[in-house]
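The figures here come from the full heavy-atom set of this structure, side chains too, leaving out hydrogens, waters and symmetry mates.
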Amino acid sequence: MIDACAKETPHERLRRDRGALLRKLDGLSEYDARRPLTASGTNLLGLVEHVVTVEARYFGGVFGRPSPEPLCRWRDADGSDLWATADEIRERIVGFYRRAAEHADATIGALPPDAPGHVPWWPEPWSRTNLFSVLVHVLGETARHAGHADGLREGLDGRTGVRAEHESPVDERARAAHRAKIERAARAAASVAAGRPPHAA
């Protein structure tokens, strides 16, 4: 038996990480929100679209509470749910994420932590699971992608952080000096590993 209090902390963290992920879209042009920012095509709006599907499926049909809105097919294997087509409107994707989160919150609120669920795309014997395990899984998925988004947004315009109130203006000179210090340390470590004195880096 899992204590009912055990779901409160991961649920609160899930809410926080949802907000952090969505905040990475604030102030971006359509192009910057969608453009590929890694060699594999990772992009900010695509991360949001992917997490929508994750929440809607895991806190929907897995517990017999299907999403009230139609879902796209599960496309995670080929990566096609990790980007938005030109005709997919950003506000609709964000709106769907907010509604999927509300539906997920209702599921989490209505069920005890040990409520049984079935994840048909998980292999046996793990497909028979419970709300607490699914909550931890989705929290991990959301936190992972919020972290991806943080790095991508920093690469675009230097903005970092989980909450707007903790963000301060970027001091380019201080940031460059800090980066240079880390670069020097990395080169010195590489020299030591190669058997050369650190000053030779």
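- Cluster membership check: Leu135 shares its hydrophobic cluster with Trp121, using side-chain heavy-atom separations under 4.5 Å among Ile, Leu, Val, Met, Phe, Trp and Tyr.
- Proximity of Arg173 to Asp171: side-chain heavy atoms (C-beta onward) are separated by under 4.5 Å at one or more points.
- With sequence neighbours excluded, the residues that form a side-chain contact (heavy atoms from CB on, under 4.5 Å) with Val94 are Leu22, Leu25, Arg90, Arg98.
- In this structure, Leu131 and Val62 have side chains that are not in contact, with every pair of non-hydrogen atoms separated by 4.5 Å or more.
- Closest approach of Ala110 to Arg65, counting heavy atoms only: CB-NH1, 4.0 Å.
- Put simply, the side chain of Asn130 never gets that close to the backbone of Gly117: no donor and acceptor are under 3.5 Å apart.
- Applying the side chain to side chain donor-acceptor pair (under 3.5 Å) rule to Ser67 yields no partners; only residues at least two apart in sequence or on another chain are considered.
- Not counting sequence neighbours, the partners of His137 by the ring pair (Phe, Tyr, Trp, His ring centres under 6.0 Å) test are Tyr58, Trp122.
- In terms of heavy-atom proximity, Asp150 sits nearest to Thr160 at OD1-CA, 3.7 Å.
- More than 12 heavy-atom neighbours from other residues, nucleotides or ligands sit within 6.0 angstrom of NE2 on His118.
- Between Val52 and Ile93, the closest heavy-atom pair is CG2-O, 4.0 Å.
- Qualifying salt bridge (charged side-chain N to carboxylate O under 4.0 Å, His left out) partners for Arg18, counting only residues two or more places apart in sequence or in other chains: Glu55, Asp105.
- A donor-acceptor pair under 3.5 Å is absent between the side-chain atoms of Arg15 and the main chain of Pro10, judged by distance alone.
- Taking NE2 of His148 as the reference point, atom CG of Asn43 lies at 12.5 Å (rounded to 0.5 Å).
- A parallel orientation is assigned to the rings of Phe63 and Phe59, their planes being inclined by less than 30° (bins at 30° and 60°).
- Side chain of Lys7 to backbone of Leu111: a donor-acceptor contact under 3.5 angstrom is found.
- In this structure, the separation between OG1 on Thr85 and CG on Leu45 is 9.5 Å, given to the nearest 0.5 Å.
- In terms of the side chain to side chain donor-acceptor pair (under 3.5 Å) criterion, Thr9 has no residue partners (sequence neighbours excluded).
- Summarising the geometry of Gly41 relative to Pro36, their closest heavy-atom pair is CA-CB, 3.7 Å, with the distance given to 0.1 Å.
- Under the rule for a ring pair (Phe, Tyr, Trp, His ring centres under 6.0 Å), His11 has no partner lying at least two apart in sequence or in another chain.
- Summarising the geometry, atom OG1 belonging to Thr129 is positioned 10.5 Å from atom CZ belonging to Phe132; distances are rounded to the nearest 0.5 Å.
- Taking CD from Glu141 and CG from Leu139, the interatomic distance works out to 10.5 Å, rounded to the nearest 0.5 Å.
- In this structure, CG in Leu37 is found 8.0 Å from OG1 in Thr42, a value given to the nearest 0.5 Å.
- Between the CZ atom of Phe96 and the OG1 atom of Thr53 there is a distance of 7.0 Å, given to the nearest 0.5 Å.
- Residues satisfying the side chain to side chain donor-acceptor pair (under 3.5 Å) criterion with Glu183, sequence neighbours excluded, are Arg187.
- Take Ser29 and apply the side chain to side chain donor-acceptor pair (under 3.5 Å) test, not counting sequence neighbours, and it matches no residue.
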Steps toward salt bridge (charged side-chain N to carboxylate O under 4.0 Å, His left out) verdict (Glu30, Arg34): CA-CA 6 Å; Glu30 284 299 318; Arg34 298 162 180 267; 2.8 Å; yes

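- Residues meeting the side-chain contact (heavy atoms from CB on, under 4.5 Å) test with Ala149, sequence neighbours left out: Leu21, Lys24, Leu44, Leu47.
- Using a 4.5 Å heavy-atom threshold, the side chains of Pro116 and Arg128 count as separate.
- Remark: Asp157 pairs with Arg153 by the salt bridge (charged side-chain N to carboxylate O under 4.0 Å, His left out) rule, at least two apart or across chains.
- Residues that satisfy the salt bridge (charged side-chain N to carboxylate O under 4.0 Å, His left out) test with Arg99, not counting sequence neighbours, are Glu69.
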